[in-house]
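Contents: one structure, followed by commentary.
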Amino acid sequence: VQLQASGGGLVQAGGSLRLSCAASRNILDIPAMYWYRQFPGKQRELVAGMPSGGTTNYADSVKGRFTISADIAKNTVYLQMNRLKPEDTAVYYCNAYQNGKNFWGQGTLVTVSS
């Protein structure tokens, strides 16, 4: 699976961004897709997940502000980020988990200014 992430940028605190992750194959065939983020010098952390046929899940730090969704016709998963905070500044990665393997898109930088 190849993943192409986009949508990062610079936004003021309180603003919104929508990240997109386009997959090279039918996302209905992918058991689970996730968004992660990575702060400088830190490991990647899970932000939001969308298991096939399951319930979406979110890190506590983004619950109520971020929403993961999918457009099946476009084979694209989104991360809508509202009420952004400076501490959301990170490189965001989309991830697909299939057949015991993790597939990663390139990161997209989100910078939230105070």
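Side chains included, hydrogens not; waters and symmetry mates left out as well; all remaining heavy atoms used.
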- [ ] Apply the test side chain to side chain contact (heavy atoms under 4.5 Å, CB included) to residues L46 and R37: give CA-CA distance (whole Å), side-chain angles for both, the deciding distance (0.1 Å), then the verdict.
- [x] CA-CA 7 Å; L46 179 64; R37 65 185 178 186; over 6 Å; no

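- The shortest non-hydrogen separation linking W35 to S20 is CH2-O, 3.6 Å.
- Rounding to the nearest 0.5 Å places CG of N57 at 8.5 Å from NZ of K63.
- Nearest heavy-atom pair across F103 and Q98 is CE1-O, 3.9 Å.
- For the atom pair C94 SG and W104 CH2, the distance stands at 9.0 Å (nearest 0.5 Å).
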Task: Chi angles and distances behind the side chain to side chain contact (heavy atoms under 4.5 Å, CB included) call for M33, C21 - done: CA-CA 10 Å; M33 293 196 69; C21 176; 4.1 Å; yes

Do any side-chain atoms of residues 7-19 form donor-acceptor pairs under 3.5 angstrom with protein atoms, and if so which ones, sequence neighbours left out?
{"residue": "S16", "atom": "OG", "partner": "N82", "partner atom": "OD1", "Å": "2.9"}

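- Scored by the salt bridge (Lys or Arg N to Asp or Glu O under 4.0 Å) test, R83 finds no partners at all (sequence neighbours excluded).
- For the atom pair CD of Q4 and OG1 of T108, the computed distance is 9.5 Å after rounding to the nearest 0.5 Å.
- Considering CZ of F39 and CD of E87, their distance stands at 8.5 Å, rounded to 0.5 Å.
- A 4.5 Å side-chain heavy-atom check between M81 and L79 finds at least one atom pair inside the cut-off.
- The backbone N or O of A73 sits less than 3.5 Å from a side-chain atom of D71, completing a donor-acceptor pair.
- By the 4.5 Å heavy-atom criterion applied to side chains, L3 and Q106 are not counted as neighbours.
- At a threshold of 4.5 Å between side-chain heavy atoms, the hydrophobic network of Ile, Leu, Val, Met, Phe, Trp and Tyr places Y34 and I68 in two separate groups.
- Remark: F66 pairs with no residue by the ring-ring contact (aromatic ring centres under 6.0 Å, His included) rule, at least two apart or across chains.
- Without hydrogens or angle criteria, T89 side chain to T111 main chain gives no donor-acceptor distance under 3.5 Å.
- Connection of L84 to Y78 is not established within any shared hydrophobic cluster, with ILVMFWY side chains joined at heavy-atom distances below 4.5 Å, either directly or through further cluster members.
- Transitive grouping of hydrophobic side chains (ILVMFWY, heavy atoms separated by less than 4.5 Å) brings M50 and I27 into a common cluster.
- Here OG of S114 is found 14.0 Å from NZ of K85. Values are rounded to the nearest 0.5 Å.
- Taken together through direct or relayed side-chain contacts under 4.5 Å among Ile, Leu, Val, Met, Phe, Trp and Tyr, L109 and Y92 form parts of separate hydrophobic clusters.
- The distance from atom CG of N102 to atom CG of N95, rounded to the nearest 0.5 Å, is 4.5 Å.
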- [ ] Before giving the answer on side chain to side chain contact (heavy atoms under 4.5 Å, CB included), spell out for N75 and R25 the whole-Å C-alpha distance, their side-chain angles and the decisive distance to 0.1 Å.
- [x] CA-CA 7 Å; N75 291 326; R25 64 182 302 171; over 6 Å; no

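- Cation-pi contact between R44 and Y93: present, with separation from the ring centre below 6.0 Å and deviation from the ring axis of at most 45°.
- Cluster annotation: V62 is not connected to Y36 through the hydrophobic network of ILVMFWY side chains, with a link wherever side-chain heavy atoms come within less than 4.5 Å.
- More than 12 heavy atoms of other shown residues, nucleotides or ligands fall within 6.0 angstrom of atom CD in E45.
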